[in-house]
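Any value given below was found using the heavy atoms of this structure, including those in side chains, with hydrogens, waters and symmetry copies removed.
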Amino acid sequence: MAEKQISLPAKLINGGIAGIIGVTCVFPIDLTKTRLQNQRTGQQIYKSIWDCLGKTIRSEGYFGMYRGAAVNLTLVTPEKAIKLAANDFFRHHLSKDGKKLTLVKEMLAGCGAGTCQVIITTPMEMLKIQLQDAGRLASCQKAATGIQSLSQSTKHLNPIPVLSRAYNVGPTLVTQKMSATQIASELLRTEGVKGLYRGLGATLLRDVPFSVIYFPLFSNLNKLGMSSADEKAPFLHSFFAGCVAGSTAAVAVNPCDVIKTRLQSLNKGASEEAYSGIIDCAR
C-alpha cells in the first residue's frame with residue numbers, strides 16, 4: 001500500500017539512481033558483450049569474456065573498460081526513469097477495476113514500458129556501441145595489417161574468394177578517437193535524426209520482449225517473499241528475484257541483441273558483412 005503513494009518524481013529519481021549504480025557496476029561486462037557480439041566466426045580476436053577483459057586492460061588500460069560509459073551515465077537516468085514510470089503507469093491503469101493484475105495484463109504493462117524506453121535507448125545504444133567497439137576494430141586493423149604483410153610473399157597461394165554479398169574488403173582505419181558528441185554531430189549532419197535512430201526496429205525487438213518477461217517475472221517472484229500484501233519482501237529476496245528475472249529475460253532476447261548490435265555498428269572490420277535490415281542480419 002505504501003508503494004502506491006510514492007510520487008512520480010520520487011520514482012523517477014529512484015530509477016535514475018538505480019540506473020547509474022547499475023551502469024557503474026556492470027559496464028565492463030557490457031563492453032565485453034558488444035565486442036563479442038560484433039566479432040565474426042573465423043575472425044575472433046577474443047575467445048571469452050575473461051580473454052576480452054584481459055586484452056582490453058592490456059591494450060587500453062583499466063579505463064578502457066569504461067569506454068562509452070559517459071553516454072550511458074548521461075542517458076541512463078531518463079531511460080530507466082521512463083521504463084520504470086511507464087511500467088507503473090500501465091499497471092495502475094490496467095488495474096483500475098480494483099482487481100489483481102492478471103499475468104497477461106502484467107505482460108501488457110511491460111510491453112508498454114519497453115516501447116516507451118526506446119525513445120532514449122536507441123540513440124544511447126547507437127553512440128555507446130561505436131565507442132565500445134573502437135578497441136576491437138583497432139585490433140582487427142593490426143591483425144589485418146600483419147596478415148597483409150605476410151601474404152605479400154605467398155600471394156600465389158591465396159586466391160581471392162568470390163563474395164556473394166557486401167563485405168568490407170579492407171581494414172577499417174581507426175586513426176582518430178571520436179567522442180560521443182562528435183559521432184552524434186556527424187550523424188545529425190549527414191543523416192539527420194534518423195541517423196541516431198538506426199536500429200530502432202531491432203531495439204524494439206529486444207526491449208519489448210525483455211520487459212514483457214522481466215517485469216511480470218520479477219513481480220511474481222518478489223511476491224513469494226512477502227508474508228502479507230502490506231509488507232515488503234526482504235532485500236535479499238528482492239535482489240535474487242531481480243537476478244533471476246533479469247537473467248531469464250536477457251538470455252531470451254540475446255539473439256535480438258546481437259542483431260541490434262551489428263545493425264547499429266557504423267564501422268566494420270576487414271571482411272565483415274554489411275546488412276540491409278533485421279531479416280538479412282538474422283539470416
Side-chain angles (χ1 to χ4, degrees), residues 26 29-49 52 68 71-72 79 83 107-108 110-137 139-140 144 161-172 183 187 191 193-217 245-283:
V26 305
I29 303 299
D30 188 62
L31 178 136
T32 302
K33 174 183 72 71
T34 297
R35 294 187 176 184
L36 289 174
Q37 286 178 336
N38 253 336
Q39 65 180 6
R40 311 303 200 263
T41 303
Q43 301 175 4
Q44 287 97 332
I45 295 171
Y46 312 111
K47 297 175 183 177
S48 65
I49 294 173
C52 182
V71 177
N72 263 37
E79 185 215 22
K83 183 176 184 175
M107 293 173 73
L108 283 172
C111 177
T115 303
C116 290
Q117 79 171 79
V118 298
I119 297 168
I120 302 294
T121 305
T122 305
M124 179 181 78
E125 291 278 314
M126 183 71 192
L127 298 174
K128 182 196 71 171
I129 285 170
Q130 315 317 316
L131 297 170
Q132 286 182 329
D133 204 38
R136 184 190 69 88
L137 290 171
S139 298
C140 280
V162 178
L163 303 179
S164 60
R165 56 177 293 121
Y167 285 81
N168 180 20
V169 295
T172 299
I183 295 169
L187 283 170
E191 301 180 40
V193 176
K194 184 179 71 173
L196 289 175
Y197 281 87
R198 177 186 291 196
L200 175 62
T203 307
L204 281 166
L205 203 62
R206 180 197 68 169
D207 288 352
V208 171
F210 181 93
S211 295
V212 166
I213 296 168
Y214 174 78
F215 283 113
L217 185 55
S247 299
T248 303
V251 169
V253 304
N254 194 66
C256 301
D257 193 37
V258 174
I259 291 169
K260 183 196 72 65
T261 298
R262 293 194 178 186
L263 284 176
Q264 288 188 318
S265 296
L266 294 173
N267 297 313
K268 307 288 183 185
S271 302
E272 289 183 355
E273 310 95 330
Y275 306 111
S276 61
I278 293 172
I279 295 173
D280 181 47
C281 184
R283 188 186 296 116

What distance do [X] atom [atom1] and [Y] atom [atom2] have between them, rounded to the nearest 0.5 Å?
X: I259; Y: Q37; atom1: CD1; atom2: CD; answer: 10.5 Å
X: C111; Y: L108; atom1: SG; atom2: CG; answer: 6.5 Å
X: L196; Y: E191; atom1: CG; atom2: CD; answer: 9.0 Å
X: L187; Y: K194; atom1: CG; atom2: NZ; answer: 11.5 Å
X: I129; Y: L31; atom1: CD1; atom2: CG; answer: 11.0 Å
X: D133; Y: N38; atom1: CG; atom2: CG; answer: 4.0 Å

Please report the shortest heavy-atom distance between [X] and [Y], naming the atom on each side.
X: A113; Y: F215; answer: CB-CE1, 4.1 Å
X: G114; Y: S211; answer: CA-OG, 3.6 Å
X: G68; Y: L131; answer: CA-CD1, 3.7 Å
X: C52; Y: Y46; answer: CA-CD2, 3.5 Å

Kindly list each side-chain donor-acceptor pair under 3.5 angstrom involving residues 200-208, sequence neighbours excluded, with atom names and distances?
unit_1: T203; atom_1: OG1; unit_2: G199; atom_2: O; d: 2.8
unit_1: R206; atom_1: NH1; unit_2: D257; atom_2: OD1; d: 3.0
unit_1: D207; atom_1: OD2; unit_2: Q117; atom_2: NE2; d: 3.4

Determine, stepwise, if the pair E125 / T261 fulfils side-chain contact (heavy atoms from CB on, under 4.5 Å). CA-CA 8 Å; E125 291 278 314; T261 298; 5.7 Å; no

Less than 4.5 Å apart, side chain to side chain, heavy atoms only: is that true for [X] and [Y]?
X: I119; Y: Y197; value: yes
X: R40; Y: E273; value: yes
X: E79; Y: N72; value: no
X: D30; Y: K128; value: yes

F210 and C256: side-chain contact (heavy atoms from CB on, under 4.5 Å), yes or no, with the steps? CA-CA 10 Å; F210 181 93; C256 301; over 6 Å; no

Carefully, step by step, assess T121 and K83 under the rule side-chain contact (heavy atoms from CB on, under 4.5 Å). CA-CA 10 Å; T121 305; K83 183 176 184 175; over 6 Å; no

Side chain of Q39, backbone of R35: donor and acceptor closer than 3.5 Å? no

Between Q130 and L266 (side chain of the first, backbone of the second, donor and acceptor by atom type, cut-off under 3.5 Å), is there such a pair?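 It does hold such a pair.
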
Any chance you could lay out the side-chain contact (heavy atoms from CB on, under 4.5 Å) test for T34 and R136, step after step, and finish with the verdict? CA-CA 10 Å; T34 297; R136 184 190 69 88; over 6 Å; no

